Amino acid sequence: MILRVTFNKKNYLRYIGHLDLMRVFHRSFNRADIPIKYSEGFNPHPKFSIAHPLSLGIESEEEYMDVDLEYIPAEEFVEKMNSVLPRDIQIIKAVYLEKEESIASLIAWAFYEINFDISEDRTKEEAEDIINTWLSKEEIMITKLKKKGKKKIERQENIKNLIGNLILKEINDNNIIIETLLKSGDNGNLKPINLMEALNRDTTLNIDMDSIAIKRLGLYAEKDKNIYKPL
Amino acid sequence: MINQKKLDRVLKKVERPARYIGMEENSVTKDLEKVKVKFAFSFPDIYDVGMSHLGLHILYNLINEEENLLCERVFAPWTDMEAEMRHEDLPLFTLESKEEVKNFDFLGFTLQYEMSYTNILNILDLSKIPLLSKDRTDEYPFVIAGGPCAYNPEPIADFIDFFVIGEGEEVTLEILKLYKEHKEGQWDREEFLKSVAQIQGVYVPKFYDVIYNEDGTIKERISLIEGIPSTIDKRMIKDLDSMFSPEKMIVPFIETVHDRVSMEIFRGCTHGCRFCQAGMIYRPIREKSVDKIVELADKLVKNTGYENISLSSLSSCDYSELYILITKLMEKFEEKKVGVSLPSLRLDSFSIDILKEIEKVRKSGLTFAPEAGSQRLRDVINKGITEEDLINTVNYVFKEGWSTIKLYFMVGLPTETDEDVMGIKDLAYKVKDMFFDLPKDERKGNLKVTASASCFVPKPFTPFQWVGQESMDEFYRKIYLVKNSIKDNKVTFNYHDPKLSYLEAIIARGDRRISKLILRAWEKGCKFDGWSEYFKYDTWIETLKELNIDGDFYALRNRSLEENLPWDFINPGVSKDYLMREYKRSLEEQTTPDCRQQCRGCGIKGCTMTGGGDN
């Protein structure tokens, strides 16, 4: 049976990578004695997959994972797992799927909160003005490095359509918090750090790039122009 | 606590930041304000290496079980992290509380390898603790050290406040409790050192001085204060079953060198290989009972979620009830898909049934350590295995489907001739021929034989402690002799850098004057010397010249049996007389049987091997 699970990843645990996170879950399943299913073959692996892996250094309030296991009540799963998981990775919700639809293929959008410092004081209106002017440009280009064998090829990409929205949420002294919905998945993908690089390059905000702290607030699926949570 | 904002800026820029965050399963956090004694445990290499060290897991849990005591970890930051920390002026901190190392009561190093000594200085410097013990005042932690390399403490005597010789389980708690008593009374750093020097196994270098002869050898050691011991007896745990054994292990987030449950099954070794320091200093042999091991394994697997257990010791196939142990472990864990592995196999006691049992699932490569290419030289080093052993075993494993074989050798062993050296090639080729002599349908996989040669480094407290190391030219000549003779793509030959082994030989048998060398080499940028990409041979040689230290005096010189050796004041249990006898026997190509067969009176007290005791 497939259990769809949402979990968070916070504080210092944002510094563990995707493969490390997979190991944390594997060992937590073992410690919690979850009747997880294993792949057949030479080196059996537990069957679970995490949708749209976070980049190293990004916190998250809501990640998705599908787990293949023998039935145990979903509440029992949550309780057992949370007692063995690190305090900064906790399961929020778990629901058995009625029809199987892989979580990875569903995700289309990601919603982020980005916190950063700028070098000089700005009023909210000034900062909003700068951002909105930037967003209304016809094209917002970024340079992507693409590896082709050993060669690295630079490619220009217009990310304008990959930005769902971007709003300035808070501004305090030299610190700004924005929230932004970015395309995320097989049909277009924009990393928040690439967005910030473009914003810094094209505007006069003067962002302290080392101060950027990113948090993923949620992941969304899309159907007929409507976006919705996959759980 | 250190400045978290700075830490965040730094962590974003470094490789594998999880090395520096702590928070792993089974790590312990206590309130720093509430505990009486704060101990920072340091392995002087990166996290990935240090976390694989079993001793860390033992001492960490041992100390943290005590309500008033606390142990946190600190490792050497990798060079990218060090650069960022220096740039942000972020002091070195412990993983658990992110507290400055400087604010602990003790900073304890485990000494596993001589070439990590510059990392100790780097750690002290990053912690803003004075490098020399004489410069440390009350506000700084005591810098202490233990582990196998502490058996010759002299090369780092200037940096370490006191050493602990031998097994740490009991003595560590004695020291920390004594410290707590002193702290609660009238504190005086000097008084504490005087009283800690009374604990068996503790060596406080500043209470002693060394007088040298004109030729640079040691004339005598003198005690500078009244009432301190003139020899330091090592500490030894009598009964492993009743000794503290951790039931938990920290589970790292990132993949480390040994990413699995490590179970110690016994201490000591009975073979008496004459090059092996561990085989001498960890005597006598003491086993944990099968029931205790199974019970602990069960708890460790439950508490960690690991999918592998490795049974560790100096020579795991020697465990007297190995078959019963393996059967019980397999019974318990097979269904849970938990694997069991034996990392240190010897050819002689190699048990076919056991290997079959534990390698049911995975067939990884097999490693054997003949150490020397010829039977004559294997007798000199008392390796105690024959070519027949190797042939029988290899024949068997090929038939069972293994096809990757690694063979470990040393070059530069005492009395070695070119013929012995070429034995490395001969043995590797013999193994290859055995594979192709099998009928075609019985061969499985693609054969790969790897022969690795390291350069022999004579170590203190071995029968070879008096032997001069081979010169570097000779090392290179012999290595190329073998390398150029191997012309078969199924056989690979690897070798260790003789330059590194030369420095290892200087430091391993160094005296107090070597502290200056290590300090100056560090000042000139040496660190992570054990990592080939960071080893700065030229800097070390330049430093020797600058300080007018003759490296050859330490590395290449044959010592007379009468010479006062820098480590003679340490008593490892095994007598010097026994080491001398073994040295002489080696030159006569006489082998000495395994202690289990016949006791040769090594002098160790409390040994239960046949004829042991008062010998």
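Keep in mind that what you see is a predicted model, and the values were worked out from it rather than measured.
- A salt bridge links B:R9 with A:D208: the closest approach of a Lys/Arg side-chain nitrogen to an acidic carboxylate oxygen falls below 4.0 angstrom.
- B:K13 touches chain A through its side chain: at least one heavy atom from C-beta onward sits under 4.5 Å away, while N, CA, C and O do not.
- Residue-environment remark: NZ (B:K399) stays at or below the threshold of 12 foreign heavy atoms within 6.0 Å.
- Heavy atoms closer than 4.5 Å to chain B are found in the side chain of A:D88, but not in its backbone.
- Annotation: the span from A:L56 atom CG to B:R16 atom CZ amounts to 11.0 Å, rounded to 0.5 Å.
- For the pair B:I21/A:I16, a side-chain contact is recorded, criterion being any heavy-atom separation below 4.5 Å from C-beta on.
- Salt-bridge check for B:D8 with A:R14: passed, with a basic side-chain N closer than 4.0 Å to an acidic carboxylate O.
- Of the inter-residue distances, the one linking B:E307 atom CD with A:H45 atom NE2 reads 9.0 Å to the nearest 0.5 angstrom.
- The CD atom of B:Q4 sits 8.5 Å away from the CG atom of A:N11 when rounded to the nearest 0.5 Å.
- Interface remark: of the candidates B:V251, B:I254, B:N303, B:I254 forms the most heavy-atom pairs closer than 4.5 Å to chain A.
- Only the backbone of B:K302 has a heavy atom closer than 4.5 Å to any heavy atom of chain A.
- Heavy atoms from other residues, nucleotides or ligands lying under 6.0 Å from NZ of A:K9 number more than 12.
- Within a 6.0 Å radius of NE2 in A:H18, more than 12 heavy atoms belonging to other residues, nucleotides or ligands are found.
- With B:K12 contributing its side chain and A:Y15 its backbone, the two residues share no donor-acceptor pair below 3.5 Å.
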- [ ] Verify side-chain contact (heavy atoms from CB on, under 4.5 Å) between B:F253 and A:R23, making sure each step is shown before the conclusion.
- [x] CA-CA 7 Å; B:F253 289 120; A:R23 256 198 304 275; over 6 Å; no
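- Remark: B:K98 is positioned above the aromatic ring of A:Y12, its terminal NZ or CZ atom under 6.0 angstrom from the ring centre and at most 45 degrees off the axis.
- Closest non-hydrogen pair, B:G305 versus A:N30, comes out as O-ND2, 2.6 Å.
- We find the NE2-OH distance between A:H26 and B:Y306 to be 12.0 Å, quoted to the nearest 0.5 Å.
- Within a 6.0 Å radius of CD in B:E533, more than 12 heavy atoms belonging to other residues, nucleotides or ligands are found.
- The environment of A:R87 atom CZ is sparse: at most 12 non-hydrogen atoms of other residues, nucleotides or ligands sit within 6.0 angstrom.
- A:I212 touches chain B through its backbone: at least one of N, CA, C or O sits under 4.5 Å from a heavy atom, while the side chain does not.
- Look at A:R27 and B:D259 and you find a salt bridge, because one of the NZ, NE, NH1 or NH2 atoms lies within 4.0 Å of a carboxylate O, short of that distance.
- Contacts of B:E255 with chain A are made by both backbone and side-chain atoms, with heavy-atom separations under 4.5 Å.
- There is no contact between A:F29 and chain B, counting heavy-atom distances below 4.5 Å.
- With values rounded to the nearest 0.5 angstrom, A:L13 atom CG is found 9.5 Å from B:E24 atom CD.
- A 6.0 Å sphere centred on NZ of B:K292 holds more than 12 heavy atoms belonging to other residues, nucleotides or ligands.
- Counting non-hydrogen atoms of other residues, nucleotides and ligands closer than 6.0 Å to CD of A:E79 gives a total of 12 or fewer.
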